[in-house]
Amino acid sequence: MENLNEKSTKRRPLEWWERRKLENNGCHSQDWSAIRLCDATDLNNIRNVEFVGAVSVGRLDSSEGSRIENARLENCVVGDNAVIRNIGSHIRNCLIEPGAKIINTGKIDFEPEALCGVGTEVSVLDETGSRPVTIFPGLSAQLALLMARAPKWNERHLKPLVEQKIEKRAPLHRIGAGSLVEGCGSIVNVSIDPDVRIIGARNLRNGSIVNNTAAGRSFTFVGSGVDAENFIIEDGSVDAGVILRNCYVGQGSMLSNGFTAHDSLFFANCSMENGEACALFAGPYTVSMHKSSLLIGCQTSFMNAGSGTNQSNHMYKLGPVHWGILERGVKTSSDSYLMLGAKIGAFSLLMGQHKTHPDSSQFPFSYLFGDEKGATVVVPGVMLRSCGLLRDEQKWPTRDRRLKRKLPLHDRIIFDVLSPLTVENMLTAIDVIDHLLTRQADDDRYLRYRGMKFTRASLERSRHMYQLAIYKYLSIRIGDLGFPKKDEGAKAEEWVDIAGLPMTRSDLQSVMESATIEEMERRFSEAFDKYAELERKWIGARFGENWRRNPEVIADYSLEFDRMIEEDRARYLDDLAAQNEMLAL
């Protein structure tokens, strides 16, 4: 027996009296024979509508508040219980899925071959386009970093795979089920996923707004005054006058309050307000909140930019070809400036003007001061005594906006401050410090290395702090298990930080040798899953007998490290109390 509900919603041509009813309701069409509706379409809910070309309308139930009024529909399919009201221009070539609402909006238009932002090339890091990242829904921070940092491999191997992936993907010219588009200006070639909210956007052109969450958990939002072209916003929020050109906004990221960006990528849980980004690779947890901040031509992760943060990537000889790396956890003070190219070591604080292209990657946890001539003065390891460092490590997982939404996570993130990456650099730093301390200082009493200046006293202090931090790391990772056995002839693997994911160089090589994008992503996930296992193996191979103290000695060093942190915390609280007393009524 035929299902009565299916029969009532089956699309069919109009009866003569239905055409007359629609005309009496102020509707028009040059070809009524191209219009389709169903038995469950309440014609009383269609008023002042101009139909152009083939238009199909589903169930319109008065009890659901669904209706179409004051609109021009051209070659559209309208799903059940949709709401379309007060369209200033038209809606054209569009699938409007069940329950979608389009209210008080200028126009929605799709060109037949539009890819809706998928396949846009973002000229990240180097603005000249020599390191393009091709964006598509599901892009991970790890894969994007390989595109940007290995451009020859990308051009030869990965880009053809991405192009094949995009060619197989049919563009979705739709307003998704349960979505809301209200009070917007022009929306052209923008695919909108189910349960997405777009309220007050000014201009959206050639983009995809993607929602991967379960029903009722959507985080994806585009708000008032947003002007975006050539973009993908995936499980992210863009609001309050943001301007985007050639950008990808990833899962849990929030851009607002007039922030502007071009040719930039924002991955998991970035927070950007007020300032500007150009050719920025913003890895997970990059934060910039101030109007006068410009992040340009650099790679970051877990970064916090102070007000007035600025970089230069254009020195008027070959164009904006300079770029740099701010390794994991770098902070910049107010009015800091960095002339690129440069490489700043992990969890360092950058202060003042830096014009000598420093490479402090061997000295993590440092203070970097710019002197009056723009040279970089480094105080190594001093950030290790900061009580805020371990606080950051604890707060990042709790601020992961992806988790409550039950998203399929694209970006793999290891939150450890003390890791094979930072510990390896501290071990290297100790060797470099020992070498530098054998040299005579220059006439100005500084020791110079890689475009940086050091005092003898700071090097001597930092050596001890690095030792304490390494023993703290060992006490955490070894515990009661003791040191892993060192295999005869085994060498410690080199580690690299791939946009928040520490992994071995050999695992990275296996990613780059993979034949498909799916295999690459699987290998990234495997590296994430076996991180602890590989870390322990690395400890066994990296630490010789001079570090393999008995557990009591390691525990003593660890306690000294903890006391250093607590002393910093106590000093901070005392200073805070004194300030509050000074400011009291």
inquiry  = Determine whether Ser312 and Tyr337 satisfy the following criterion, side chain to side chain contact (heavy atoms under 4.5 Å, CB included), listing intermediate values before the conclusion.
reply    = CA-CA 8 Å; Ser312 291; Tyr337 166 81; 2.6 Å; yes
ask   = Are Asp235 and Arg402 close enough, and set up right, to give a side chain to side chain contact (heavy atoms under 4.5 Å, CB included), and what steps lead you there?
value = CA-CA 8 Å; Asp235 304 312; Arg402 304 172 301 166; over 6 Å; no
task = Could you go through the side chain to side chain contact (heavy atoms under 4.5 Å, CB included) check for Leu265 and Ile135 one step at a time?
result = CA-CA 9 Å; Leu265 309 169; Ile135 60 175; 3.9 Å; yes
Leu139 vs Glu234, side chain to side chain contact (heavy atoms under 4.5 Å, CB included): CA-CA, chis, key distance, verdict = CA-CA 9 Å; Leu139 177 66; Glu234 185 162 11; 5.6 Å; no
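Looking only at distances, a side-chain donor or acceptor of Asn154 sits under 3.5 Å from a matching main-chain atom of Pro132. Remark: side-chain polar atoms of Arg131 are paired, donor with acceptor, to backbone N or O of Ala148 under 3.5 angstrom. Within the 3.5 Å criterion, the main-chain N or O of Val382 finds no donor-acceptor partner in the side chain of Ser386. One N or O on the side chain of Thr422 and one on the backbone of Val417 form a donor-acceptor pair closer than 3.5 Å. Within the 3.5 Å criterion, the main-chain N or O of Leu421 finds a donor-acceptor partner in the side chain of Ser419. The backbone N or O of Gly306 sits less than 3.5 Å from a side-chain atom of Ser293, completing a donor-acceptor pair. Between the Ser264 side chain and the His262 main chain, a donor and an acceptor come within less than 3.5 Å of each other. No side-chain donor-acceptor contact under 3.5 Å links Ser333 to the backbone of Ser336.
Ring geometry, Phe454 versus Phe363: the interplanar angle falls from 30° to 60°, so the pair is classed tilted. By the 30° and 60° cut-offs, the orientation of the rings of Trp547 relative to Tyr471 is tilted. Using a 30° and 60° split on the angle between ring planes, Tyr285 and Trp396 fall in the tilted class, from 30° to 60°.
Looking only at side-chain heavy atoms (C-beta outward), Met303 and Leu295 come within less than 4.5 Å of each other. A heavy-atom distance below 4.5 Å is found between the side chains of Arg523 and Glu519. Taking the side chain as every heavy atom from C-beta outward, Arg385 and Arg461 never approach each other to under 4.5 Å. In this structure, the side chains of Ser361 and Glu327 come closer than 4.5 Å at one or more pairs of heavy atoms. At least one side-chain heavy atom of Ile232 sits under 4.5 Å from a side-chain heavy atom of Pro137. Proximity of Asp392 to Asn304: side-chain heavy atoms (C-beta onward) are nowhere separated by under 4.5 Å. Side-chain contact between Arg463 and Leu459 is absent, with no heavy atoms from C-beta onward closer than 4.5 Å. Looking at Ile430 and Asp434, their side chains come closer than 4.5 Å, going by heavy atoms from C-beta outward.
Distance CG/Leu125 to CG/Leu145: 8.0 Å, rounded to 0.5 Å. Taken from NZ in Lys343 to CD in Gln299, the straight-line distance is 9.0 Å, to the nearest 0.5 Å.
Minimum heavy-atom separation, Tyr531 to Pro420: OH-CD, 3.4 Å. For Arg448 against Arg439, the heavy-atom pair with the smallest separation is O-NH2, 2.9 Å. Minimum heavy-atom separation, Pro358 to Ile344: CG-CD1, 4.2 Å. For the pair Met289 and Ser271, the tightest heavy-atom approach, listed with the atom from each and the gap, is SD-O, 3.9 Å. Scanning all heavy atoms of the two residues, the minimum distance from Pro284 to Ile413 falls at CB-CD1, 3.7 Å. Residue Gln311 comes nearest to Cys298 through the heavy atom pair OE1-SG, 3.7 Å, listed as atom of the first residue, atom of the second, then distance.
Ionic pairing of Asp529 and Arg412 is not present here: no N-O contact between side-chain nitrogen and carboxylate oxygen is shorter than 4.0 angstrom. In this structure, Arg571 does not pair ionically with Asp574, as no charged nitrogen and carboxylate oxygen lie closer than 4.0 Å. For Glu460 and Arg456, the salt-bridge test fails: no basic side-chain N is under 4.0 Å from an acidic carboxylate O. With salt bridges taken as basic N to acidic carboxylate O contacts below 4.0 Å, one links Glu566 and Arg569.
If you run ring-ring contact (aromatic ring centres under 6.0 Å, His included) between Tyr248 and each of Phe267, Phe231, Phe281, Phe266, only Phe267 comes through. Screening Arg542, Lys530, Arg477 for a salt bridge (Lys or Arg N to Asp or Glu O under 4.0 Å) with Glu535, the sole residue that qualifies is Arg477.
Outside the 6.0 Å centre-distance limit, the rings of Phe347 and Phe302 are not counted as a close aromatic pair.
Cation-pi check for Lys453 over Tyr446 is met; the charged atom lies under 6.0 angstrom from the ring centroid and within 45 degrees of its normal.
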